[in-house]
Amino acid sequence: VQLQACGGGLVQAGGSLRLSCTGSGRAFSSYIYPMGWFRQAPGKEREFVAAISWSGGNTYYADSVKGRFTISRDNDKNTVFLQMSSLKPEDTAVYYCAAGRDTGRSWYASQREYEYDYWGQGTQVTVSS
């Protein structure tokens, strides 16, 4: 399983960006798995941003992004998206997408980093003030 994230860049405060992350691998399309986004700012530990169940019916957000970020997914394309609006300088970080283990539970999503088995390479988001 491989995850490829893209969509990062430099944006002014108040602007928007849309990240996407596509999974590939022979067995990937047959999994039932949650997906999530995490981020790591310079000098800080990686933190949870958002998560979505396989069905898309359950989503979770960190308090710091709630109301500004929206996570969604397209299972036909093995892709998860993170729409980021009203960006702030403190959103500056490397953003990582992750795919959780096959739980067989389409409604399940997790905020816990250790429940994600596959990670993308990260995409840089820089928000200038």
Side-chain angles (χ1 to χ4, degrees):
V1 174
Q2 293 183 332
L3 298 176
Q4 181 70 39
C6 63
L10 174 64
V11 64
Q12 287 188 333
S16 300
L17 279 176
R18 189 192 196 207
L19 306 183
S20 63
C21 174
T22 299
S24 62
R26 188 176 65 178
F28 195 66
S29 60
S30 64
Y31 288 167
I32 294 178
Y33 53 91
M35 292 198 76
W37 288 95
F38 294 77
R39 67 186 181 187
Q40 187 168 20
K44 295 186 177 181
E45 293 189 352
R46 189 158 59 187
E47 64 176 3
F48 168 77
V49 176
I52 187 168
S53 62
W54 186 87
S55 68
N58 285 323
T59 56
Y60 299 98
Y61 297 93
D63 288 342
S64 59
V65 307
K66 205 170 291 183
R68 300 187 298 120
F69 291 11
T70 302
I71 188 170
S72 61
R73 65 189 294 168
D74 182 342
N75 290 337
D76 289 339
K77 298 180 180 179
N78 293 334
T79 300
V80 63
F81 305 95
L82 186 67
Q83 178 66 48
M84 305 184 294
S85 304
S86 301
L87 283 161
K88 304 175 181 180
E90 50 264 44
D91 294 319
T92 295
V94 177
Y95 283 71
Y96 297 90
C97 62
R101 60 202 61 165
D102 182 0
T103 65
R105 295 174 289 179
S106 63
W107 50 266
Y108 184 76
S110 174
Q111 304 175 50
R112 293 180 283 269
E113 189 172 328
Y114 65 83
E115 294 196 33
Y116 289 85
D117 291 342
Y118 306 103
W119 292 82
Q121 83 286 4
T123 184
Q124 176 71 46
V125 172
T126 303
V127 184
S128 62
S129 57

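Note: hydrogens, waters and symmetry copies are ignored here, and every other heavy atom, side chains too, is used. Numbers for residues simply follow the sequence, beginning at 1.
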Taking side chain as C-beta onward, heavy atoms only, is [X] less than 4.5 Å from [Y]?
X: Arg39; Y: Ser64; result: yes
X: Ser85; Y: Gln83; result: yes
X: Tyr33; Y: Tyr118; result: no
X: Phe48; Y: Tyr60; result: yes
X: Met35; Y: Leu3; result: yes
X: Met84; Y: Arg68; result: no

Co-membership, hydrophobic cluster, residues [X] and [Y], 4.5 Å side-chain:
X: Phe81; Y: Trp119; result: no
X: Tyr31; Y: Tyr108; result: no
X: Phe38; Y: Tyr61; result: no
X: Tyr116; Y: Val65; result: no

Please report the interatomic distance [atom1]([X]) to [atom2]([Y]), rounded to the nearest 0.5 Å.
X: Arg101; Y: Ser110; atom1: CZ; atom2: OG; result: 8.5 Å
X: Ser129; Y: Lys88; atom1: OG; atom2: NZ; result: 14.0 Å
X: Ser53; Y: Ile32; atom1: OG; atom2: CD1; result: 11.0 Å

task: May I ask you to decide whether Asp63 forms a salt bridge with Lys66, counting only side-chain N to carboxylate O separations under 4.0 Å?
output: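 Answer for the salt bridge query: yes.
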
Tell me the closest heavy-atom pair linking [X] and [Y], and the distance in Å.
X: Leu17; Y: Leu87; answer: N-CD1, 3.9 Å
X: Ala13; Y: Pro89; answer: CB-CD, 4.1 Å
X: Pro34; Y: Thr103; answer: CD-CG2, 4.5 Å
X: Thr79; Y: Ser20; answer: CG2-CB, 4.2 Å

Thr123: side chain to side chain contact (heavy atoms under 4.5 Å, CB included) partners, not counting sequence neighbours: Ala5, Leu19, Tyr95

- prompt: Who are the side chain to side chain contact (heavy atoms under 4.5 Å, CB included) partners of Gln124, not counting sequence neighbours?
  reply: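 Listed in chain order: Thr92, Val94, Thr126.
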
query: Under the side-chain contact (heavy atoms from CB on, under 4.5 Å) criterion, do Trp37 and Phe69 qualify, and how do the steps go?
result: CA-CA 11 Å; Trp37 288 95; Phe69 291 11; over 6 Å; no

- request: Determine yes or no for a side-chain-to-main-chain donor-acceptor pair under 3.5 angstrom, with Asp117 supplying the side chain and Gly100 the backbone.
  value: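 Such a contact is absent between Asp117 side chain and Gly100 backbone.
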
field: Check: Trp54 main-chain N/O paired with Asn75 side-chain donor or acceptor under 3.5 Å
entry: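 Yes, the answer is positive, given that a donor and an acceptor are paired below the 3.5 Å cut-off.
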
query: side-chain contact (heavy atoms from CB on, under 4.5 Å) between Tyr96 and Glu113: does it pass, once the steps are laid out?
result: CA-CA 11 Å; Tyr96 297 90; Glu113 189 172 328; over 6 Å; no

message: When you measure from the SG of Cys21 to the SG of Cys6, is the result less than 2.5 Å?
response: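 No disulfide here.
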
